[in-house]
Amino acid sequence: MEDKTMNKRIYGILGISSVMGNWNADFSGYPKSTTDGNIFGSDKALKYPMKKMWDNEGKKVIYIKSLNEKLIPRTLKERYIKVFEDEDLKDVKKVLTNLMNAVDIKNFGATFAEAGCNIAITGAVQIGQGFNKYDNSTAQEQAILSPFVDSTDENAKNSTIGTKITSNEAHYFYPFVINPLAYKELVDLGVTEGYTEDDYQNFKRTALVSATAFATNSKVGCENEFAIFVETQSDIYLPNLSEYVTFTKGEDKNIIDLEVLTNILNDMSQQIKSVEIYYNSYTTELVKDNIKDAKHFNIITSKEV
C-alpha cells in the first residue's frame with residue numbers, strides 16, 4: 001500500500017460554548033469538574049459528536065453505541081462484524097486493515113481486545129481535556145413535571161417531578177495535536193496508507209461543526225465557537241495551545257485574548273506553515289490577535305473575515 005502520510009504536524013484548539021446546556025455531565029448530572037471545582041469537558045465528550053456525525057454520513061465507525069436485534073448494546077466483536085461484515089478475527093493483518101478503514105480509529109486510535117486478536121493503535125489525533133475558561137459559570141437545576149404518575153406508588157395522585165441540570169454559561173477550550181507519523185509501523189506493515197491530507201481535512205471539517213450539529217436535549221445550547229489550526233513542519237513540537245488563551249465577557253461580545261499565543265507563534269514563525277482561526281464573529285471578538293499571516297474565518301459561514 002502506497003505511503004501517503006502528510007508531511008506536517010498540526011496543533012490547535014477547539015472551543016465549545018454552552019449556554020443553558022450541559023456539555024459534559026458527571027454521574028450526578030452536574031457539569032463535570034475537578035476536585036477543586038474547575039469545570040471541564042473530557043475528550044470523549046468532544047469526540048462523540050464527531051463520531052455521531054460520521055456515522056450519520058454513512059462512514060465506518062466502530063466505537064459508538066449501537067443496538068442489536070434484541071435492543072441490547074452490541075459487543076465490540078458484534079460491532080466489528082456489523083460494520084465490516086467479516087467474522088474472521090484470526091487474521092491479524094486483515095483485522096488491522098479493516099480497523100484502519102474506520103474513520104474514528106483512523107483519527108483517534110483504538111484498543112481492540114478480542115480473543116486471539118489484541119490490538120492497540122495510538123491515534124494520530126490526540127485531544128486533551130477542555131477546561132472552561134469562563135469564571136462566572138454556575139450550575140442551574142430546573143424542576144421538570146412529568147406527565148405520568150409513579151407506577152411503583154399505588155397511592156400516587158400527582159405526576160412525578162424530575163430535574164434538568166445545565167450551566168448558565170461555559171466556554172470550553174480543548175487542545176489537540178495531530179501527528180501523522182503515529183502510523184509509521186502500520187504503513188510499513190501495509191495495512192494503511194498513513195494519515196493523509198484527506199484524513200486531516202475530514203477531521204477539520206467535522207471538528208468545526210459537530211458540536212453545533214449534535215442537538216440532543218442536554219446539548220442544545222452547545223456550539224462550536226472557536227478553533228485554531230496551526231500547521232508546522234513535521235519535526236516541530238508545541239505545548240498545549242489552550243493554556244495560552246483567555247476568555248472574558250465584554251459589554252457586547254465575548255472576548256478571547258490571544259496575546260500570549262500570538263507571541264509564541266510569531267517567535268516560531270519560520271517553522272510554521274500556516275495558521276487558520278475560526279470564530280463566531282457575531283458573538284465573539286478576538287483581541288491582541290496579531291499572529292503573522294494568520295487567516296480568519298467565520299465558524300458559522302466558513303467565509304474569510
Side-chain angles (χ1 to χ4, degrees), residues 10-21 23-24 31 38-43 45-50 53 125-137 167-178 200-201 203-215 219-231 238-250 252-265 272 274-291 293-305:
I10 291 87
Y11 295 86
I13 304 168
L14 297 172
I16 308 295
S17 70
S18 174
V19 179
M20 291 306 290
W23 172 244
N24 190 193
N38 289 320
I39 295 172
F40 73 99
S42 74
D43 60 305
L46 185 61
K47 290 173 183 175
Y48 185 79
M50 297 182 69
M53 186 171 174
V125 179
Q126 295 295 323
I127 300 175
Q129 307 301 294
F131 278 88
N132 167 48
K133 291 181 176 285
Y134 177 48
D135 290 338
N136 293 323
S137 183
S167 293
N168 64 327
E169 189 169 351
H171 297 268
Y172 300 87
F173 289 79
Y174 284 88
F176 73 89
V177 59
I178 302 177
Y200 167 48
Q201 293 301 329
F203 167 80
K204 180 160 68 170
R205 172 188 68 88
T206 311
L208 285 169
V209 301
S210 58
T212 302
F214 189 59
K219 300 300 187 293
V220 167
C222 299
E223 298 180 351
N224 296 87
E225 71 168 341
F226 176 80
I228 183 169
F229 297 85
V230 181
E231 300 183 8
L238 295 176
N240 282 352
L241 299 186
S242 60
E243 296 297 310
Y244 303 99
V245 301
T246 60
F247 177 94
T248 55
K249 298 285 288 184
D252 300 315
K253 289 187 175 183
N254 300 327
I255 296 173
I256 297 177
D257 189 323
L258 301 179
E259 180 179 15
V260 181
L261 180 60
T262 295
N263 292 338
I264 293 172
L265 297 183
I272 291 173
S274 70
V275 178
E276 292 183 354
I277 299 173
Y278 296 78
Y279 69 106
N280 187 339
S281 57
Y282 306 114
T283 63
T284 306
E285 178 183 356
L286 305 182
V287 299
K288 299 174 183 175
D289 165 31
N290 299 303
I291 299 171
D293 297 327
K295 293 183 177 181
H296 296 75
F297 300 88
N298 184 307
I299 200 169
I300 297 175
T301 65
S302 295
K303 293 181 178 179
E304 193 165 355
V305 294

Q) Does anything in residues 222-231 pair up under salt bridge (charged side-chain N to carboxylate O under 4.0 Å, His left out), and if so which pairs, sequence neighbours excluded? A) Lys8-Glu231
Q | Atom of Gly128, atom of Tyr174 and distance for their closest heavy-atom approach | A | O-CD2, 3.2 Å
Q) Is there a donor-acceptor pair under 3.5 Å between the side chain of Tyr244 and the backbone N or O of Pro239? A) no
Q. Quick one: does Asp293's side chain get under 4.5 Å of Ile272's, heavy atoms only?
A. no
Q | Spacing of Ile10 atom CD1 and Ile228 atom CD1 [to the nearest 0.5 Å] | A | 13.0 Å
Q: For Met50 and Ser210, work out which heavy atoms get closest and say how close.
A: CG-OG, 3.2 Å
Q) Between Tyr172 and Ser18, what is the shortest heavy-atom contact and its length? A) CE1-CB, 4.2 Å
(Q) Are the side chains of Leu261 and Leu241 in contact, using a 4.5 Å heavy-atom criterion? (A) yes
Q. Taking it one step at a time, do Tyr279 and Phe226 satisfy ring pair (Phe, Tyr, Trp, His ring centres under 6.0 Å)?
A. CA-CA 4 Å; Tyr279 69 106; Phe226 176 80; 7.6 Å; no
Q | Flag for Gln129-Asp43: side-chain donor and acceptor within less than 3.5 Å | A | yes
(Q) Given 3.5 Å as the limit, does a donor-acceptor pair link the side chain of Asn240 with the main chain of Ser242, or not? (A) no
Q | side-chain contact (heavy atoms from CB on, under 4.5 Å) partner of Lys288, the single match among Ile255, Thr246, Asp257 | A | Asp257
Q: Report the C-alpha separation of Trp23 and Ser167 in whole Å, then their side-chain angles, then the decisive distance to 0.1 Å, and conclude whether the side chain to side chain contact (heavy atoms under 4.5 Å, CB included) test is met.
A: CA-CA 8 Å; Trp23 172 244; Ser167 293; over 6 Å; no
Q) Is Lys133 reaching over with its side chain to a backbone N or O of Ile256, donor-acceptor style, under 3.5 angstrom? A) no
Q.
For the backbone of Glu169 and the side chain of Ser137, can you confirm whether one donor and one acceptor N or O come within less than 3.5 Å of each other?
A. yes
Q) Hey, what do you get for OG1 (Thr284) to CZ (Phe247), rounding to the nearest 0.5 Å? A) 6.5 Å
Q: State whether the side chain of Asn132 and the backbone N or O of Ala170 hold a donor-acceptor pair below 3.5 Å, judged by distance alone.
A: no
**Q.** Distance in Å, Glu259 CD paired with Ile291 CD1, rounded so as to fall on 0.5 Å steps
**A.** 11.5 Å
(Q) Would you compute the distance between atom NE2 of His171 and atom CG of Asn254 and round it to the nearest 0.5 angstrom? (A) 4.5 Å
(Q) Does any part of the side chain of Tyr200, heavy atoms only, come nearer than 4.5 Å to the side chain of Val125, both counted from C-beta? (A) no
Q) Rounded to the nearest 0.5 Å, what separation is found between the CG atom of Asn224 and the OH atom of Tyr278? A) 12.0 Å
Q) What are the two closest non-hydrogen atoms of Ser42 and Asn24, and how far apart are they? A) N-OD1, 2.8 Å
Q) Applying the side chain to side chain donor-acceptor pair (under 3.5 Å) test to Glu276, which of His296, Lys295, Lys204 qualifies? A) Lys204
**Q.** Residue pair Phe229, Leu208: steps toward the side chain to side chain contact (heavy atoms under 4.5 Å, CB included) verdict
**A.** CA-CA 11 Å; Phe229 297 85; Leu208 285 169; 3.9 Å; yes
**Q.** Atom pair CG/CG of Asn290 and Asn263 - distance to nearest 0.5 Å
**A.** 9.0 Å
Q. Can you tell if the side chain of Phe214 reaches within under 4.5 Å of the side chain of Cys222, non-hydrogen atoms only?
A. no
Could you list the donor-acceptor pairs under 3.5 angstrom formed between side-chain atoms of residues 298-305 and any protein atom two or more places apart in sequence or on another chain?
| residue | atom | partner | partner atom | Å |
| --- | --- | --- | --- | --- |
| Asn298 | OD1 | Ile300 | N | 2.7 |
| Asn298 | OD1 | Thr301 | N | 3.2 |
| Asn298 | ND2 | Ser281 | OG | 3.0 |
| Thr301 | OG1 | Lys303 | N | 3.2 |

